[in-house]
Amino acid sequence: MTLKKQAGAQQSLAEQQVHWRLIFVAWFIAALSTLASLFFSEVMNLIPCVLCWYQRIFMFPLAVILLLGLHPVDIRVARYTLPLAIIGLLFTLYHCLLFYGLIPESLQPCRQGVSCADDSMVLMGFLPIPLLSLAAFAIISAVLVKVSLLARHMP
Amino acid sequence: MKQSHFTLIALLLMIAAFTVATLFYSTGLEQAQSDRASNNSAALIKDYSVRAGDPAAKVTIVEFMDPACGTCAQFYPFVKQMMSYYSGKVNLVVRYLPLHQGSDQMVAMLEAARKQGKFWEVLELMFASQSQWTVNHVAQPEVFLGFIEQAGVNVARIRQDMQAPVIQSVIQQDLADGDLLGADKTPTFFVNGKPLPSFGYKQLQALVEDELRANY
């Protein structure tokens, strides 16, 4: 009985470590993306386009909420963060389609002000910001889906 | 390593990287801006530009400004005070950068007032009453024309002189020169052709004092 209990406790400790690492990866990418987007707008003086703003709205809270889910480790954090990540992912998918011209110009929602599809979106001549955003939201979403699945087996 | 330490170190590393990248990038930006100003020094001052102060002064401040810009209005007393404090040693050249909607009409009023020798009177009245004739950052020239006589001008002549086509070409030239020099916000200051390293009263005063030391 006591042995069984100990084994259970040990297993859950190992499990907790796995959860922590997964949440850490998601938080790290969210924090990195938050700082990077602040760098683009505040230091490089790139003005965020409309779609960039929506992606920021869903990225910035991830950096805060996922950090709270790390200390103490709380697997339920996926429940609160996955919806944000998925909505952000949808915006960034739409942005990438616009950027690569897969959605015609006439459907573009942001012609006034800053364009969502011009060259100012490309860093150092080869790295498009929408693609970076897509990568970030995709990884965060995938990791949080994994965390959610793990959470389903929790008591 | 404890998990909390790990998070803390990751966070600190990110903030450190952000700070270093910021310093690195802004130094490059400052240098580029200063090169741009020195490569285009002919665009700084035009013969038609409004001037204040002793023409023989060895320190010249060039200000790109917009009558509808709130920060320009807040800077005005400071620049005026500095001009009188360093009287004879510092002069001022005003360039127009009407970035607000309707602002070009305010500039036209200033140029019309200039013909009556009332440029500064009208500019002071504009800045002092700015909140009355700007709505959501859009200038309302008619509102200001309603009380412009307070500056002691002939209003009928202002209305007529404002229409002079030469004023629009002055504005276009100033906008083009601002573009060449990288002046894309108002107010943008150059002191003896040098841009401010960063924006602020103190930076402007420090740059003026540097130039005074170098020239007197």
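Numbers restart at 1 for each chain; the letters A, B, ... are given by sequence-line order, proteins then strands.
The local environment of NZ in B:K80 is sparse, with at most 12 non-hydrogen atoms from other residues, nucleotides or ligands closer than 6.0 Å. Summarising the local packing, NE2 of B:H137 is surrounded by 12 or fewer heavy atoms from other residues, nucleotides or ligands at distances under 6.0 Å. Heavy-atom neighbours of B:Y201 OH from other residues, nucleotides or ligands within 6.0 Å: above the threshold of 12. For B:Q101, the CD atom sits in a loose shell: 12 or fewer heavy atoms of surrounding residues, nucleotides or ligands are nearer than 6.0 Å. At most 12 heavy atoms of other shown residues, nucleotides or ligands fall within 6.0 angstrom of atom CZ in B:F24.
Shortest non-hydrogen contact noted between A:Q17 and B:Q3 is NE2-NE2, 4.2 Å. Counting all heavy atoms, side chain and backbone alike, A:V43 lies closest to B:L29 at O-CD2, 4.1 Å. The nearest pair of heavy atoms linking B:M14 to A:A31 is CE-CB, 3.6 Å.
Residue contact with chain B, scored on non-hydrogen atoms closer than 4.5 Å, involves the backbone and the side chain of A:L32 alike. For B:A21, the parts lying under 4.5 angstrom from a heavy atom of chain A are both the backbone and the side chain. Using a 4.5 Å cut-off between heavy atoms, A:F24 touches chain B through its side chain atoms alone.
If you take OG1 on B:T7 and CH2 on A:W20, they are separated by 4.0 Å, rounding to the nearest 0.5 Å. Interatomic distance, A:L35 CG to B:T22 OG1, rounded to the nearest 0.5 Å: 9.0 Å.
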Residue pair A:N45, B:Y25: steps toward the side-chain contact (heavy atoms from CB on, under 4.5 Å) verdict: CA-CA 11 Å; A:N45 296 319; B:Y25 194 89; over 6 Å; no
Chi angles and distances behind the side-chain contact (heavy atoms from CB on, under 4.5 Å) call for B:F18, A:T34: CA-CA 11 Å; B:F18 184 88; A:T34 298; over 6 Å; no
